[in-house]
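For reference, the structure is listed below as structure tokens.
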There are 2 protein chains.
Amino acid sequence: MERHRLIPRYRDGDRKIEAGRDLFSIGSSGKSIFNLLEGWVAVYTLLEDGRRQIVQFALPGAILGVLPSRRAPATVGAQALTEVAVSVIPVSVLTSHSQADPEIGMRLARSLAHDCNLAFDHLTSIGRRSARERVAHLLLELFTRYRAQWPGNRSEEMVLPLTQEQIGDATGLTFVHVNRVLSALRKEGIVQFHYRRLRILDPDRLIEVAGVDPEIAMSWLERCPWA
Amino acid sequence: MERHRLIPRYRDGDRKIEAGRDLFSIGSSGKSIFNLLEGWVAVYTLLEDGRRQIVQFALPGAILGVLPSRRAPATVGAQALTEVAVSVIPVSVLTSHSQADPEIGMRLARSLAHDCNLAFDHLTSIGRRSARERVAHLLLELFTRYRAQWPGNRSEEMVLPLTQEQIGDATGLTFVHVNRVLSALRKEGIVQFHYRRLRILDPDRLIEVAGVDPEIAMSWLERCPWA
DNA sequence: CGCTGAGTTGAAACATGTCAACCGGTGTGG
DNA sequence: CCACACCGGTTGACATGTTTCAACTCAGCG
């Protein structure tokens with residue numbers, strides 16, 4: 001858990017948040033940033049009519065809620081998918097620490113650059129891939145990122161704390177269609193996903209269906225996004 | 001032009017690049033970052049089979065080519081849409097300057113946070129909006145961002161250096177469909193876009209079709225993304 | 001035991017993609 | 001100066017992927 005901290009010895013802002021709750025909501029002020037220490041978080045946007053898009057899944061080490069300017073309100077919200085531990089860092093604390101240690105600003109920049117790259121990848125997936133490719137791509141990404149957190153873990157199984165509806169919100173599909181895609185992948189013996197348990201049955205075919213270049217898969221191998 | 005510089009007095013890396021050329025390509029090393037001073041740039045990804053996705057349009061003040069780690073090769077390329085002026089900053093120069101001035105890291109972070117927010121918005125558009133909404137949204141975004149660069153400008157017309165195919169690559173549509181959407185918007189007297197000239201005929205209806213909240217439109221009002 | 005949230009399946013509607021033909025401007029070489 | 005090719009744009013007919021709507025199952029839970 002210590003290795004995930006942006007500001008090593010700052011502990012005053014540590015909080016626990018239960019699954020389902022928002023760390024911060026759309027429209028919030030951005031007076032603090034959130035350094036995720038444990039658990040899964042979904043960052044999402046909403047349209048007026050209730051359509052929802054998950055734009056990012058955050059794992060331990062992620063930094064959330066960074067606004068480009070101090071007066072811009074957040075256009076995204078962040079929901080805990082599991083129980084979550086975060087370090088809440090007021091912007092004032094961040095700026096004072098970054099003045100003492102210029103490395104902090106650069107770490108923050110690296111983390112944001114990482115998020116940008118993931119977002120670009122996600123964008124490409126949604127914009128240019130078929131439903132089948134998108135779902136495969138997402139499962140592979142999440143599996144890879146998850147596994148990188150537990151070095152040496154060789155299991156092909158994991159708890160993926162998502163519903164099919166959330167997968168739909170992330171891939172730009174309806175949950176009905178996500179279901180059909182998952183059924184097909186299951187019948188073909190590629191992956192199994194049932195009630196939050198994901199099992200990769202045939203990694204090679206999954207990679208093929210997802211259409212990912214091993215190069216790119218490597219960029220998901222974060223333990224700490226700024227390292 | 002000076003107001004767009006991340007590192008105020010660094011001029012050694014200044015370059016001009018002609019329209020159509022890449023500032024950097026997919027797979028490049030990331031030994032330098034690119035501070036856009038003048039012109040338009042499209043940041044894109046490619047899939048193996050040639051499908052292309054434009055993930056970002058960069059305007060003066062943007063910072064491009066920032067990699068999360070020093071050894072990750074770029075998964076995106078950046079193409080000049082117009083003639084472009086950039087300041088090419090070697091990472092070594094960046095790190096040495098940022099040690100002297102901690103503000104530089106934070107500026108970089110703000111710029112990246114801005115890019116992330118735009119990417120999230122773009123993601124939402126592609127994932128959850130109809131073709132018509134997406135195109136309207138993109139035109140409105142680009143018009144707003146462009147206009148913010150020329151404070152006081154009240155013209156409803158601009159040069160938008162894009163082909164319909166590039167609009168398709170940005171919105172995740174085919175150029176044929178983009179054409180149909182643009183024809184419809186033109187017939188309805190909302191916008192006109194012909195050979196790189198964009199004219200907004202009915203701003204209110206465009207905003208309505210795009211389905212944007214004025215709040216969000218404000219977040220596009222960058223003059224310098226880190227200011 | 002009935003309720004609720006998640007998942008599953010089928011049929012039909014619809015948005016967008018594909019393919020193909022054609023237009024108009026522009027630059028180039030004979 | 002004409003012929004031609006090329007690029008971007010335009011339009012129609014048709015194919016297809018995805019959504020919508022609706023009904024139903026299953027598991028967990030008060």
Side-chain angles (χ1 to χ4, degrees), chain A residues 18-20 42 47 49-54 79 81-82 125-139 159-188 191-199 209 211, chain B residues 18-20 42 47 49-54 79 81-82 125-139 159-188 191-199 209 211:
Chain A
E18 57 182 306
L47 301 185
D49 59 4
R51 283 176 289 181
R52 174 179 148 119
Q53 176 71 43
I54 293 177
Q79 183 187 26
L81 296 170
T82 61
S125 193
I126 292 188
R128 288 306 188 201
R129 292 197 219 266
S130 69
R132 187 180 158 86
E133 294 172 300
R134 283 185 230 176
V135 171
H137 188 266
L138 179 66
L139 295 179
V159 174
L160 218 203
L162 296 178
T163 64
Q164 294 185 0
E165 182 163 19
Q166 288 165 330
I167 294 179
D169 286 344
T171 51
L173 300 167
T174 54
F175 67 90
V176 177
H177 203 59
V178 169
N179 184 298
R180 289 193 238 270
V181 170
L182 286 173
S183 304
L185 293 175
R186 175 165 8 103
K187 267 187 211 105
E188 297 169 57
V191 301
Q192 227 171 303
F193 177 68
H194 204 70
Y195 287 101
R196 280 143 226 224
R197 270 217 109 63
L198 174 67
R199 192 178 319 179
V209 173
Chain B
E18 56 183 305
L47 300 185
D49 59 4
R51 284 176 287 180
R52 174 179 149 121
Q53 174 71 43
I54 292 178
Q79 185 187 24
L81 295 171
T82 60
S125 193
I126 292 188
R128 289 304 188 201
R129 291 195 219 265
S130 69
R132 187 179 157 86
E133 294 172 301
R134 282 185 231 177
V135 171
H137 188 267
L138 179 67
L139 295 181
V159 174
L160 218 203
L162 297 177
T163 64
Q164 295 185 359
E165 183 162 20
Q166 288 165 331
I167 294 178
D169 285 344
T171 51
L173 301 167
T174 55
F175 66 90
V176 178
H177 203 62
V178 169
N179 184 298
R180 289 196 241 268
V181 170
L182 287 173
S183 304
L185 293 175
R186 178 169 1 107
K187 265 184 215 109
E188 299 170 54
V191 300
Q192 225 169 306
F193 177 67
H194 204 69
Y195 286 100
R196 279 145 224 220
R197 272 215 108 65
L198 173 67
R199 191 178 321 177
V209 172

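Proteins get letters first, then strands, A, B, ... in listed order; numbering begins at 1 in each.
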Provide, to the nearest angstrom, the distance between the [atom1] atom belonging to [X] and the [atom2] atom belonging to [N].
X	N	atom1	atom2	result
Leu173(B)	dT18(C)	CG	P	11 Å
Glu133(A)	dT18(D)	CD	P	9 Å
Asp169(B)	dG9(D)	CG	P	12 Å
Gln166(B)	dC7(D)	CD	P	14 Å
His177(B)	dT16(D)	NE2	C1'	14 Å
Glu165(A)	dT8(C)	CD	P	14 Å
Phe175(B)	dC22(C)	CZ	C1'	13 Å
Ile167(B)	dT16(C)	CD1	C1'	17 Å

[X] near the nucleic acid: base, sugar-phosphate alone, or nothing, with a heavy-atom cut-off under 4.0 Å?
X	value
Leu182(A)	nothing
Gly168(A)	nothing
Arg186(B)	sugar-phosphate

Query raised in the report: Do Val159(A) and Thr82(A) come close enough that some side-chain heavy atom pair is under 4.5 Å?
Result: no
Query raised in the report: Can you find a pair of side-chain heavy atoms, one from Leu173(B) and one from Val135(B), that are under 4.5 Å apart?
Result: yes
**Report entry** Of Ser183(A) and Arg128(A), the one whose closest DNA chain C nucleotide lies more 5'
**Finding:** Ser183(A)
Query raised in the report: Measuring from Ile54(A):CD1 to Gln79(A):CD, what's the distance to the nearest 0.5 Å?
Result: 7.5 Å
Query raised in the report: If every non-hydrogen atom of Val178(A) is compared with every non-hydrogen atom of Gly168(A), which pair is closest and at what distance?
Result: CG2-CA, 3.5 Å
Report summary line: Nearest-nucleotide check on DNA chain D, Arg180(A) vs Tyr195(A); residue mapping nearer the 5' end is Arg180(A)
I want to verify a distance call: between [options], whose nearest atom is closest to the [X] side chain?
X	options	value
Thr163(B)	dA20(C), dG9(D), dA6(C)	dG9(D)
Asn179(A)	dG17(C), dG7(C), dT18(D)	dG7(C)
Val176(B)	dT19(D), dG7(C), dG12(D)	dG12(D)

**Report entry** For Leu182(B), the option from Gln164(B), Gln192(B), Arg132(B) that meets side chain to side chain contact (heavy atoms under 4.5 Å, CB included)
**Finding:** Gln164(B)
Report task. Respond yes when some side-chain nitrogen or oxygen of Gln164(A) is under 4.0 Å from OP1 or OP2 of dT8(C), and no when none is. Result -> yes
Report task. Could you tell me whether the phosphate oxygens of dC26(D), OP1 or OP2, come under 4.0 Å of any side-chain nitrogen or oxygen in His194(A)? Result -> no
